[in-house]
Each structure stands twice: as C-alpha cells, then as structure tokens.
Amino acid sequence: MRVALFLTCVNDTLYPDTGRAVVKLLTRLGVEVDFPMAQTCCGQAHYNTGYRHEAEPLARHFSDVFGEYEAIVTPSGSCGAMIRELYPRMGERARAEGRGDTLAAVLAPVVPKTYELTEFLVDVLGVTDVGACYPHKVTYHPTCHGLRGLGLGDRPRRLLQAVEGLELVELPGAEECCGFGGTFALKNADVSAAMGADKVRNAESTGAEVLCAADNSCLMHIGGTMTRLAVGMRPVHIAEILASTEEETAV
C-alpha cells in the first residue's frame with residue numbers, strides 16, 4: 001500500500017521526530033510512505049479563526065497535492081478533523097453563497113481517505129500490536145479533535161496496551177480539554193493556563209513517567225505547563241512510542 005504522510009505545520013516546524021517515527025513505524029509494517037514536498041498548511045488555523053475564505057486556497061492545494069494517494073496519514077487529530085469534518089462544510093458554505101459546487105467537488109476526493117495515525121493502524125491495516133517496545137509507565141490524554149471530532153475511541157489505548165514493557169495507567173479527567181485549543185490559548189490565556197495546570201496535576205497523580213497524546217499541539221501546551229510547574233514527567237507523541245523497539249527506544 002502506498003500512502004502519503006501529511007506531517008502538518010506544527011510537526012514540520014517543531015516536532016520533526018514525530019514524522020520520522022511515523023515513517024519508521026509504517027515502513028516496519030510494510031507500508032510504502034511518500035512525503036509530498038509540496039504540502040503546506042491544511043487551513044485549520046485560518047478557518048478556526050474566522051478566515052474561511054482565506055482557508056479555501058490552502059484546502060484546494062491540499063487536494064491537489066494529496067489527491068492521487070490511496071490514503072493520507074497524519075499524526076494529528078486536529079488537522080485530520082479539519083479535513084474530514086470541515087472541508088465538507090467549506091464546500092457546503094461555498095454552495096450556499098452561490099459559488100456553485102466547484103469547491104465541494106475539488107475537496108471531496110481527499111475527505112474519506114484521510115486518516116489520523118491510530119485510525120489507519122487499527123481500521124485500515126487491522127493491527128494493534130505493531131511490534132513496539134517502550135518500558136515506561138505511561139498515561140494517555142485523548143485530545144479534543146481526536147476524541148470528539150474523529151471519534152478515535154479506544155484505538156490509541158488498544159495500541160498502547162499492546163506495547164511490550166509499557167504500563168498504561170488511566171488519567172483522571174482524561175476527556176477534559178487541556179486548554180490549548182489553538183488561538184484559544186492566546187485569546188483566553190488565563191483560562192487556558194488554568195486548564196493546562198489541571199491536566200498536568202491529574203497526570204502527575206498517576207505516577208506516570210510519560211504523558212502520551214496523538215496531537216503535538218496539545219503536548220506542546222501540556223509540556224510547557226509541566227516545565228512551569230516543575231513536574232517530573234515528559235510529553236511524548238504516540239507515534240514515537242509505537243515506533244520504538246527494544247533496540248531503539250524513544251526518550
């Protein structure tokens with residue numbers, strides 16, 4: 001199977017190791033991974049801030065770049081939800097504004113074949129044991145877009161439970177938002193910081209060494225809060241855990 005990796009802006013700029021982990025993991029599972037160099041932002045930041053029309057050229061470009069692939073895999077629930085949930089809405093709004101069906105038709109091909117990483121592993125490849133080894137105590141935070149937008153459910157937990165050496169402990173208040181929310185963290189900084197502190201205190205109460213999630217944007221917010229509160233934990237993306245082996249384990 002030939003798939004395209006949609007890395008996303010945050011990962012490309014700040015967390016390239018997550019992208020490397022996805023390639024390593026999928027290659028180990030026999031998947032041919034391409035990284036289209038023409039990829040850019042999916043338009044989520046623009047759309048969620050109210051710049052819907054400005055997001056449309058980015059969405060069109062995404063479809064042009066990724067349309068030829070059997071599947072598009074992204075290590076981001078938020079960007080995955082943008083494509084799956086909001087691209088169809090963009091087409092509907094353009095139609096409602098009297099601009100015809102062109103945008104909807106351009107975006108439609110990429111919507112059903114875009115998968116968040118854990119969805120792709122469980123639903124498309126049909127695996128939960130990916131041959132990983134990660135000898136650490138881990139707690140899992142289900143991020144909002146993955147939980148409520150994509151409906152990832154227990155897929156990430158099932159994958160983590162199959163990792164050799166990993167002890168998975170439940171996170172109190174797991175389904176509560178960490179407080180990031182993109183521009184929410186900028187516009188409502190005090191509320192965002194308080195929500196982040198609650199999340200980190202709950203994580204610390206588990207005794208885990210690692211807090212894991214499927215979105216680095218949320219992990220960035222949580223990790224910053226961990227640093228400010230001087231908590232002895234570290235945030236790690238689920239792709240980096242699943243890519244780890246006995247010979248080569250993520251920090």
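Scope of the values below: all heavy atoms of this structure, side chains included, with no hydrogens, waters or symmetry mates.
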Q) Would Glu97 and Arg52 satisfy salt bridge (Lys or Arg N to Asp or Glu O under 4.0 Å), going step by step from the backbone distance to the final call? A) CA-CA 12 Å; Glu97 292 169 355; Arg52 180 168 50 85; 2.6 Å; yes
Q. With a 4.5 Å heavy-atom cut-off, do Phe66 and Pro109 have their side chains touching?
A. no
Q: Answer yes or no: is there an ion pair linking Asp154 with Arg157, defined by an N-O contact shorter than 4.0 Å?
A: no
Q) Okay, side chain of Ser192, backbone of Gly179: is any donor-acceptor separation there less than 3.5 Å? A) yes
Q) Taking all non-hydrogen atoms of both residues, which atom of Thr27 and which atom of Val23 are closest, and how far apart? A) OG1-O, 2.7 Å
Q) Any side-chain heavy-atom pair from Thr102 and Arg60 closer than 4.5 angstrom? A) yes
(Q) For a quick test of reading the model, state the closest non-hydrogen atom pair linking Gly19 to Leu7 and the distance between them. (A) CA-CD1, 3.4 Å
Q. CD of Glu54: more than 12 outside heavy atoms within 6.0 angstrom?
A. yes
Q.
Within a 6.0 Å radius of atom OH on Tyr51, are there more than 12 heavy atoms belonging to other residues, nucleotides or ligands?
A. no
Q. Is the backbone N or O of Leu25 less than 3.5 Å from a side-chain atom of Arg28, with the two atoms forming a donor-acceptor pair by type?
A. no
Q.
Quick check: do Val210 and Pro235 have side-chain heavy atoms less than 4.5 Å from each other?
A. no
Q) Is a salt bridge present between Lys24 and Glu240, judged by a nitrogen-to-oxygen distance below 4.0 Å? A) no
(Q) Taking Leu186's backbone N and O only, do any of them form a donor-acceptor pair with Thr183's side chain (distance below 3.5 Å, no angle check)? (A) no
Q.
Whether the side chain of Asp129 engages the backbone of Gly131 through a donor-acceptor N/O pair (distance < 3.5 Å, no angle test) should be reported.
A. yes
Q) What closest approach, in Å, do Lys199 and Ala174 show between heavy atoms, and which atom pair accounts for it? A) NZ-O, 3.1 Å
Q: Can you spot which of Leu121, Asp123, Leu117 makes a side chain to side chain contact (heavy atoms under 4.5 Å, CB included) with Arg155?
A: Asp123
Q. After noting the C-alpha distance and the side-chain angles of Thr8 and Asn11, does the key distance pass the side-chain hydrogen bond (donor to acceptor under 3.5 Å, both in side chains) rule?
A. CA-CA 6 Å; Thr8 80; Asn11 290 323; 3.2 Å; yes
Q. Considering only heavy atoms from C-beta outward, does the side chain of Thr74 approach that of Leu5 to under 4.5 Å?
A. no
Q) Out of curiosity, Glu164 CD to Tyr134 OH, how far, rounded to the nearest 0.5 Å? A) 14.5 Å
Q: Look at the rings of Phe180 and His221 and say which category their plane angle falls in: under 30° parallel, 30 to 60° tilted, over 60° perpendicular.
A: tilted
Q. Can you name the closest pair of heavy atoms from Ala162 and Thr128 and give their distance?
A. CB-O, 3.5 Å
Q: Compare all side-chain heavy atoms of Val169 with those of Val138 and state whether any distance is below 4.5 angstrom.
A: no
Q. Any side-chain donor-acceptor pair under 3.5 Å between Glu176 and His141?
A. no
**Q.** Sub-4.5 Å side-chain heavy-atom contact between Met90 and Leu103
**A.** yes
Q) Between SG of Cys41 and CE of Met82, what distance do you get to the nearest 0.5 Å? A) 8.0 Å
**Q.** Salt bridge Arg93-Glu56, side-chain N to carboxylate O under 4.0 Å
**A.** no
Q. How would you list all residue pairs meeting side-chain hydrogen bond (donor to acceptor under 3.5 Å, both in side chains) that involve residues 113-122, not counting sequence neighbours?
A. Arg84-Glu119, Glu116-Thr118
Q | Note: Arg148-Glu85 ion pair, threshold 4.0 Å (strictly below) | A | no
Q. For the atom pair SG (Cys212) and NE2 (His136), what is the distance rounded to the nearest 0.5 Å?
A. 12.5 Å
